[in-house]
Amino acid sequence: MDKFRMFFQHFQSSSESVMNGICLLLAVVTVKLYSSFDFNCPCLAHYNALYGLGLLLAPPLTLFLCGLLANRQSVVMVEEWRRPAGHRRKDPGIIRYMCSSVLQRALAAPLVWILLALLDGKCFVCAFSNSVDPEKFLDFANMTPSQVQLFLAKVPCKEDELVRNSPARKAVSRYLRCLSQAIGWSVTLLLIIAAFLARCLRPCFDQTVFLQRRYWSNYVDLEQKLFDETCCEHARDFAHRGVLHFFASMQSELQARGLRWDNAGRSPEPPAVPEPPEVLDSGSGKAHLRAISSREQVDRLLSTWYSSKPPLDLAASPGLCGGGLSHRAPTFALGTRLSQHTDV
């Protein structure tokens, strides 16, 4: 159980590793879906292009949207872009970095689908069979234009009686399939070259701005996670205190009416009123949550968090960092001097 808890905590804290794993999983699912998909072209002149291009572009769009939904940073990026400035200025560089990170991970599965479709060639043959120039093939010399269009529409359906065992159909299909595979391998080569150049040329530039953007994008993500966790903790503690106060008031009312008697009919015993939650939990380390004890205070705090987040200069704003809901780091009273030496 402890090992599972440690693994879950590592999985929860490493958001970048989680997103990479989700992208890899979507890519594997894409390969499985495409391999199990039964492709059937309608072989009609007015529907071939629509069906072929639809299967070439619609599933990648769906996978792209799934990648955006699975990536938590997409929501954080939109919230960071739309939030009021407040006490903390907005850095467009952080938003651009998060946007590029989200797009890179969300485009992995769609690119896999498109490359598989191009290398397979079925969608390409179905979509562009009517667009082939008949003059490139000698077998169409004795056909009328209407017959040529009908024949080209039947090219993806090799079992059709019109094109069965026809050398012209094989030639057109082979031509389109080779063109599709050439485009697929060209796109694959361009992606590999772009990734190689980005990997090799990145150390040649100044890494300061990149490190800053990466640090603050992770900070925004973790800050939102910690705020959500602390809100859940405060809501649970607030509900616990409300229930205890309710039962304390009920016991006081029963005692005032003399309704609590023991089984033998003896004189009523005074009910044991529970101690206030502040006393019960005085040593639990949750005293920082006790200051917020009414609905108006909670609503005002949530509104303040959304409209004006605290500044990042914590030394200049001890009230904001010491009086908030944060429970991850210890707060120091004013006048407290920290140690001048740090062991590394």
Side-chain angles (χ1 to χ4, degrees), residues 11-27 57-58 60-111 114 191 194-195 198-199 201-202 205-235 298-317 319-321 323-329:
F11 186 81
Q12 195 175 27
S13 61
S14 304
S15 58
E16 187 173 356
S17 301
V18 172
M19 290 302 106
N20 292 334
I22 291 176
C23 293
L24 181 61
L25 182 61
L26 285 177
L57 300 177
L61 179 60
T62 305
L63 293 171
F64 177 74
L65 295 178
C66 290
L68 292 181
L69 292 176
N71 197 334
R72 186 180 180 275
Q73 280 195 340
S74 58
V75 180
V76 178
M77 176 192 64
V78 176
E79 291 178 353
E80 181 68 16
W81 176 48
R82 293 293 300 169
R83 72 170 177 85
H87 297 293
R88 183 191 302 177
R89 66 181 182 88
K90 293 192 289 185
D91 190 356
I94 298 177
I95 301 176
R96 288 195 299 268
Y97 176 85
M98 297 178 71
C99 181
S100 63
S101 177
V102 169
L103 290 179
Q104 288 175 11
R105 293 184 173 94
L107 286 173
L111 287 175
I114 293 176
L191 291 176
R199 187 80 173 183
L201 296 180
R202 179 183 292 178
F205 298 94
D206 186 14
Q207 296 295 302
T208 304
V209 177
F210 172 76
L211 292 176
Q212 291 174 351
R213 299 291 182 265
R214 184 175 181 179
Y215 176 86
W216 290 116
S217 65
N218 292 332
Y219 173 85
V220 172
D221 189 10
L222 293 174
E223 181 190 51
Q224 188 62 36
K225 285 183 180 179
L226 292 177
F227 184 79
D228 294 340
E229 292 176 4
T230 309
C231 284
C232 291
E233 180 182 350
H234 181 268
V298 175
D299 291 341
R300 185 167 60 251
L301 180 137
L302 296 176
S303 176
T304 304
W305 175 263
Y306 173 76
S307 61
S308 56
K309 289 189 177 181
L312 298 179
D313 188 5
L314 300 181
S317 57
L320 289 175
C321 67
L325 288 177
S326 177
H327 64 285
R328 298 290 179 176

Subject >> Residues which pass ring pair (Phe, Tyr, Trp, His ring centres under 6.0 Å) with Tyr219, listed by chain and number, not counting sequence neighbours >> reply: Trp216
Original post:
Run the side chain to side chain contact (heavy atoms under 4.5 Å, CB included) check on Leu312 and His87 step by step: do they pass?
Top reply: CA-CA 9 Å; Leu312 298 179; His87 297 293; over 6 Å; no
**OP:** Determine the minimum heavy-atom distance between Met98 and Ser217, stating which atoms define it.
**Re:** CG-CB, 3.5 Å
Original post:
For Trp305, which residues count as a side chain to side chain contact (heavy atoms under 4.5 Å, CB included) partner, sequence neighbours excluded?
Top reply: Glu223, Gln224, Phe227, Lys309, Pro310
Subject >> Euclidean distance, Gln207 CD relative to Arg214 CZ, rounded to 0.5 Å >> reply: 10.0 Å
**OP:** Return the minimal non-hydrogen interatomic distance between Phe64 and Leu103, and the atom names on each side.
**Re:** CZ-CD2, 3.8 Å
**OP:** Starting at OG of Ser100, measure out to CE of Met77 and round the result to the nearest 0.5 Å.
**Re:** 9.5 Å
Original post:
Roughly how far, to the nearest 0.5 Å, is the CD atom of Glu79 from the CG atom of Asp221?
Top reply: 10.0 Å
**OP:** Could you tell me which residues satisfy side chain to side chain contact (heavy atoms under 4.5 Å, CB included) with Leu61, sequence neighbours excluded, listed by chain and number?
**Re:** none
Original post:
Heavy atoms, side chains only, cut-off 4.5 Å: are Asp91 and Arg96 in contact?
Top reply: no
Subject >> Between OG on residue Ser307 and CG on residue Leu302, distance to nearest 0.5 Å >> reply: 10.5 Å
**OP:** Give a yes-or-no answer on whether the side chains of Arg105 and Ser101 include a donor-acceptor pair shorter than 3.5 Å.
**Re:** yes
**OP:** Taking the side chain as every heavy atom from C-beta outward, state whether Ser308 and Thr304 have any atom pair closer than 4.5 Å.
**Re:** yes
Subject >> Pairwise distance NE2(His234) to OG1(Thr230) - rounded to 0.5 angstrom >> reply: 10.5 Å
Subject >> Separation of Leu107 CG from Leu63 CG (nearest 0.5 Å) >> reply: 11.0 Å
Subject >> Least distance between heavy atoms, Leu68 atom then Ala106 atom >> reply: CD2-CB, 3.8 Å
Subject >> Nearest heavy-atom neighbours spanning Arg213 and Ile94 >> reply: CD-N, 3.6 Å
